[in-house]
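Here the structure comes first, spelled out in structure tokens, and everything after it is commentary.
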There are 2 protein chains.
Amino acid sequence: MRVTIADIAKRAGVSVNTVSRALSGKDGVSEETRAKIVKIARELNYRPNLLARGMRQDRADFIGVLVLDIGNTVFSRMIRGIENELVGESMTIIIGNSDENVAKERHYLEMMIMTNCRGVIISHASTEALRFLKKEGVPFVVLDRDTQGFPCDQVYVDNVSMGYQATKHLVDLGHRDIIFISKQSEVDFDHRKRAQGYELACGEHGLRQRTRVYECVDAAEAKLLIEAIWQEEQPTGLVIGQHSLAEGVLAGLTGLGVRIPEELSVVIIGEPTWASFLPWTFTTIERPLERIGEMAARLLLNRTSNKLTDDYQRCVLESHLVVRGSTGPPRN
Amino acid sequence: MRVTIADIAKRAGVSVNTVSRALSGKDGVSEETRAKIVKIARELNYRPNLLARGMRQDRADFIGVLVLDIGNTVFSRMIRGIENELVGESMTIIIGNSDENVAKERHYLEMMIMTNCRGVIISHASTEALRFLKKEGVPFVVLDRDTQGFPCDQVYVDNVSMGYQATKHLVDLGHRDIIFISKQSEVDFDHRKRAQGYELACGEHGLRQRTRVYECVDAAEAKLLIEAIWQEEQPTGLVIGQHSLAEGVLAGLTGLGVRIPEELSVVIIGEPTWASFLPWTFTTIERPLERIGEMAARLLLNRTSNKLTDDYQRCVLESHLVVRGSTGPPRN
DNA sequence: ATGAAAGCGCTAACAA
DNA sequence: TTGTTAGCGCTTTCAT
């Protein structure tokens, strides 16, 4: 059997109460008894039972983290940030993976509630999840997503700015004919915002009539799309709104024999790991992923400690332009 | 306050015991009372308190997962596999990130023990961690690592085979002058094994005197290394033992203007996400990462349910060769 | 400064 | 089949 405070109490000749107070750093214990107790605890290799403590206090030092796809670098880097912030607080992270599946998402939320966790950091698959958390009174922070009016704590990156920065970079290089390839999605407004940023930059530079946003659902469709587009028109600049689409677009461009950046400058919004070092490197707009995770953890800790109610915290981080080899002046 | 079985008992006019039995599917409850209780539980939106249950049963449905770097795709994909296997078992995953830091590793192990978790799946930073787990009597499975004689459950990929397959592929293409760039590490025997596989393949084909293994610690050093090597000699084939080194090696080769695969065929051992679709694609030897995670979870469940003691389970998975554009016949 | 005792929600042993 | 009761390990009143 594991060592309990009762064992320590017996050995020290004091009550369990005293042991509890001594070990949890409360006062009301003389320094000498505390020292004695701490010493014995160490000797016996005592480890507190987090379940017992959590039950008694009606809340455990657990934080739930629920993401759309744990296998995706974007999320795992954010989780890294969360972990980095929480490790010092002795919080235990409970992980959930929704796979963008509403039923799985709900399953994990139930689990997290059942463990009496302090709060949840979530990249939600459905707004229903957020409503549920609010209804259940679980503190939560939304990760990397502007909830579009749903009032809650949230950390995200300014998507309009991402689209804007990408486009502005091309404009500054002299491009006047720039298209945007966007991911189609009903639930996710982020892509729309990136496209808005693109339109904004175009508008500011008198390119309104040369503004085209194309939509597709995945990389495979993106490949067909760029092939079709190139048939019709040959812009000098291209902004890809989502790095997961990039692979299809690039495959298409390669097939067409389009040279980058000589014939076409390309900016990718997102963080493809391969962008940085390949012979053919890409200019990107990147999010500070670890930072997003850290901030989300911080906001959650704020909320759980301060018991705030309606004054939601919103943290908007900036993306940054990383210029590499896929952009240059327009052809001729 | 949350709904407890006492609330349900009162409402149903039965004892807490009956409620407990009814809800946990034990027999000794008539079907009609069970139905009534289940109905009430649902109405009241009852959720069992996992902490209370865990404490009473002296073990909770938690599984600890401790990896070297949660932000790394390799680990997050394995975690994805673990999650996939455990979600059906209603296990809760507690995540830990050691950053290859022994102190952090120990910290998380302590945490996991304190939550009475069922067992741990670990990619360890130190053998000390394994000794600790064994000493504490915590069931565990080592993830993606041959523990080199340390007796425990483990899932890993045959590293010798990885090196062998990579080299054999080049030999089959006609290469007779192949070098190997390896990652230097005292704790990790995997790299050494990959190099052994390389040597084995060379030996089998009479290339023993043309066998050279170069070592470096990271990508930056790898870049310098390949530059120095190319100064001295120009092999026709190159095996990169670790995909994280590839970025440096490729940067170096690009700088030197070496054409791939015309002048040099390259095989990368590992799973760089960018390998598959870029204009310049790479032949790789890949591990079934999700599968590794799934198997590890499965082994752990086996162990925790069967209470085996010394007959350790070892699961060796096969890597596979993915031929892409970076390999071809040797020059001239 | 310290101790006694209650109780968090649940399960399991024992009774009825 | 169902109820009573003890107790998991801890924290927290309330006494002393």
Side-chain angles (χ1 to χ4, degrees), chain A residues 1-38 40-41 44-62 90 92 110-118, chain B residues 1-38 40-41 44-62 90 92 110-118:
Chain A
M1 218 45 226
R2 249 168 64 180
V3 179
T4 70
I5 54 172
D7 300 322
I8 299 174
K10 196 181 299 175
R11 240 325 236 264
V14 298
S15 72
V16 289
N17 183 0
T18 307
V19 176
S20 174
R21 306 181 73 87
L23 293 180
S24 48
K26 302 238 177 75
D27 49 34
V29 188
S30 72
E31 271 316 310
E32 66 176 331
T33 34
R34 185 193 302 275
K36 184 167 66 176
I37 288 167
V38 168
I40 294 175
L44 294 183
N45 196 22
Y46 168 74
R47 262 188 288 268
N49 183 326
L50 259 36
L51 300 187
R53 177 181 291 170
M55 183 161 80
R56 185 60 239 249
Q57 299 185 326
D58 204 45
R59 72 194 169 114
D61 288 346
F62 291 134
S90 285
T92 300
E110 296 276 359
M111 291 291 252
M112 288 168 182
I113 291 175
M114 291 193 281
T115 60
N116 280 12
C117 75
R118 287 276 187 95
Chain B
M1 216 46 223
R2 250 168 63 180
V3 179
T4 71
I5 55 172
D7 300 321
I8 298 175
K10 196 181 298 174
R11 211 38 187 244
V14 297
S15 73
V16 290
N17 183 358
T18 307
V19 175
S20 175
R21 306 179 75 87
L23 293 180
S24 49
K26 303 239 177 75
D27 49 34
V29 188
S30 72
E31 270 318 309
E32 65 177 333
T33 33
R34 184 192 301 274
K36 184 168 66 177
I37 287 168
V38 168
I40 293 175
L44 295 182
N45 197 22
Y46 169 73
R47 262 188 288 267
N49 183 325
L50 259 37
L51 301 187
R53 177 182 289 169
M55 182 161 79
R56 186 58 242 248
Q57 299 186 326
D58 204 43
R59 75 197 166 110
D61 288 348
F62 291 133
S90 285
T92 300
E110 296 276 1
M111 290 289 254
M112 288 168 183
I113 291 174
M114 290 193 280
T115 61
N116 279 13
C117 77
R118 287 275 187 97

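Within every chain, numbering begins at 1; the chains are lettered A, B, ... in the order of the sequence lines, protein sequences first and strands thereafter.
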### Task
Return the value, rounded to whole Å, for the distance between atom CG of A/D7 and atom C1' of D/dC10.
13 Å
### Message
Between P on D/dT12 and CG on A/L23, what's the gap in Å once rounded to a whole number?
### Response
14 Å
### Message
I need the A/E32 CD to A/I37 CD1 distance, nearest 0.5 Å.
### Response
10.5 Å
### Task
Please report the closest heavy-atom contact between B/R11 and B/L44, naming both atoms and the distance.
NH1-CD2, 3.4 Å
### Message
Quick check against the 3.5 Å criterion: does B/R34 have a side-chain atom that pairs as donor or acceptor with the backbone of B/L23?
### Response
no
### Task
Quickly work out the B/E32 CD to D/dT1 C1' distance and round it to whole Å.
11 Å
### Query
Is there side-chain contact between A/L51 and B/F62, with at least one heavy-atom pair below 4.5 Å?
yes
### Message
Report for the helix from C/dA1-D/dT16 to C/dA16-D/dT1: angle between first-end and last-end helix axes, five pairs each, rounded to 10 degrees.
### Response
40°
### Any B/S30 side-chain N or O less than 4.0 Å from OP1/OP2 of D/dT1
no
### Query
Hey, what do you get for CE (A/M111) to OG (B/S90), rounding to the nearest 0.5 Å?
5.0 Å
### Residue-phosphate contact under 4.0 Å: B/T18 side-chain N/O, D/dT2 OP1/OP2
no
### Task
Look up atom OG1 in B/T115 and atom CZ in A/R53, then write down how far apart they are to the nearest 0.5 Å.
12.5 Å
### Query
In B/S/- notation, 5' to 3', how is nucleotides 8-16 of chain C contacted by protein heavy atoms closer than 4.0 Å?
BBBBBB---
### Task
Mark yes or no for whether B/R21, through its side chain, and B/D27, through its backbone, hold a donor-acceptor pair below 3.5 Å.
yes
#### Entry: Expected output: side-chain A/S20 to main-chain A/V16 donor-acceptor under 3.5 Å
no
